[in-house]
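Working notes, structure below.
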Number of protein chains: 2
Amino acid sequence: MSDGPRDQGGEAIERALRVIGDRWSILIVRAGLRGIRRFDDFCDDLGIARPILTERLRRLVEHGVMTKVPYQRNPVRHEYRLTEAGIALSPLLVALVRWSEDHGDGEGETVSLVHAPCGTELEQAFWCRACATTFGPTAIRGVDRGVPNGTPEATEDASEDAPEAEVGH
Amino acid sequence: MSDGPRDQGGEAIERALRVIGDRWSILIVRAGLRGIRRFDDFCDDLGIARPILTERLRRLVEHGVMTKVPYQRNPVRHEYRLTEAGIALSPLLVALVRWSEDHGDGEGETVSLVHAPCGTELEQAFWCRACATTFGPTAIRGVDRGVPNGTPEATEDASEDAPEAEVGH
DNA sequence: TCTCGACAGTTCTGAAACAGAACTCACTCG
DNA sequence: CGAGTGAGTTCTGTTTCAGAACTGTCGAGA
């Protein structure tokens, strides 16, 4: 897949999914955000099988989402901590939790995400600095910044035959 | 997994991942946002194998992300369109694209997401209506809204032994 | 010294998900 | 009647996943 220019912009998604697009990576990142750093702690916290954790951590390190830093020697022990790229995944996590809150099957506990200082439920918005407004997903367009010498044609992302929903949000 | 109260809030993520946590579902949703509705069109656009598409669409419908509406009879033909819950996944898509843009391996074409009316690159922020400010991921806390009669204790999400990064964003 | 336990993995097994090609079935159009 | 379309299903592999058990290094304690 991803062969050919059939869906510009989906390519970025595919690239991201290649890194975190499995059942565990996002949960590992979340555990990392909660302060977990050691192999066995990830194991216990997530209930993930060890071989898979090994492999996932290796891949996350390889893609720059986490780093493996030694915290002792004799024997050498490493801990895994999120890089800036890893921490930058939190909007994704938040989007996931918010979606689950709003559109989940309504079963199980519900955790609302709030602004820590004041306790108000947060909103996740798209923000335009120039217009100084927040806006919903229908006002988004994709602009091709081009591969080194690609065709710089604009993509018609989410605006052509798009669903007629006006999600104000 | 997900047995026991070991990581409150991760549960919501797990629930969401159970619906869209595979290699294809998000891409299917994205195709839906781009206006694709028919089985074969999904096939061609994504390059997904037919049996998997069948199964994924079935599950997305089951979880209320898409609906299967007949658009003709003799023979009955259905099209799949996003429900409101499906459209509500766009923040997730955006977070994915943005992350890939900012922290991807820098290969392949880059698609920037912009505010359609003015063309400015959008930001995805957390917004507190009460404080009227945007803020980064470190100012987020999880509050347990409780399962029907669960223990309403507050979770200490992302604030205990949290990574010392201050991502201003 | 000998054992114990923590930590960070690896090596097996079997189960599930995935990919691709071919096939079905109902109907329409020429 | 035969070709074509849309929406699947049925095969057959291949890759990925999960779980249990095992390895290897070291520090502490009896």
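Chain identifiers are assigned alphabetically (A, B, ...) following the order of the sequence lines, protein sequences preceding nucleic acid strands; residue numbering begins at 1 within each chain.
Of the inter-residue distances, the one linking A/Ile28 atom CD1 with A/Ile36 atom CD1 reads 10.5 Å to the nearest 0.5 angstrom.
The nearest whole Å value for the distance from the CZ atom in B/Arg50 to the C1' atom in D/dC11 is 15 Å. The CZ atom of A/Phe39 sits 13 Å away from the C1' atom of C/dA6 (whole-angstrom rounding). Atom CG in A/Leu46 sits about 12 Å away from atom P in D/dG19, given to the nearest Å. Between the P atom of D/dA7 and the CG atom of B/Asp44 lies a distance of 11 Å, rounded to the nearest Å. Straight-line distance from the CD1 atom of A/Ile48 to the P atom of C/dT10: 14 Å, rounded to whole Å. One can place CG of A/Asp40 at 6 Å from P of C/dA8, the figure rounded to the nearest angstrom. Rounded to an integer number of Å, the gap from A/Arg37 CZ to C/dA6 P is 22 Å.
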Nucleotide N/O to protein N/O under 3.5 Å, stretch nucleotides 26-28 of chain D:
| residue | atom | partner | partner atom | Å |
| --- | --- | --- | --- | --- |
| D/dC26 | O3' | A/Asn74 | O | 3.1 |

Under-3.5 Å N/O pairs linking protein and nucleotides 13-17 of chain D:
| residue | atom | partner | partner atom | Å |
| --- | --- | --- | --- | --- |
| D/dC17 | OP1 | A/Arg56 | NH1 | 3.4 |
| D/dC17 | OP2 | A/Arg56 | NH2 | 2.6 |

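Looking at the side chain of B/Tyr80, the nearest of the listed nucleotides C/dG9, D/dG8, D/dA7 is D/dG8.
For B/Arg98 and B/Glu101, the salt-bridge test passes: some basic side-chain N is under 4.0 Å from an acidic carboxylate O. In this structure, A/Arg77 does not pair ionically with A/Glu79, as no charged nitrogen and carboxylate oxygen lie closer than 4.0 Å. In this structure, B/Arg23 does not pair ionically with A/Asp22, as no charged nitrogen and carboxylate oxygen lie closer than 4.0 Å.
At a threshold of 4.5 Å between non-hydrogen side-chain atoms, the residues B/Leu122 and A/Cys128 do not count as touching. Counting only heavy atoms from C-beta outward, the side chains of A/Phe39 and A/Leu57 approach each other to under 4.5 Å.
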B/Arg38 vs B/Tyr71, side chain to side chain donor-acceptor pair (under 3.5 Å): CA-CA, chis, key distance, verdict: CA-CA 10 Å; B/Arg38 314 253 270 247; B/Tyr71 67 93; 3.1 Å; yes

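Residue A/Arg38 places at least one side-chain N or O under 4.0 Å from the OP1 or OP2 atom of C/dC7.
Residue contacts for A/Phe42: at a heavy-atom cut-off of 4.0 Å it reaches no nucleic acid atom on any strand shown.
Not a single donor-acceptor pair under 3.5 Å links the side chain of B/Glu55 to the backbone N or O of B/Arg58.
Applying the ring pair (Phe, Tyr, Trp, His ring centres under 6.0 Å) criterion to A/His115, with sequence neighbours excluded, gives B/Phe135.
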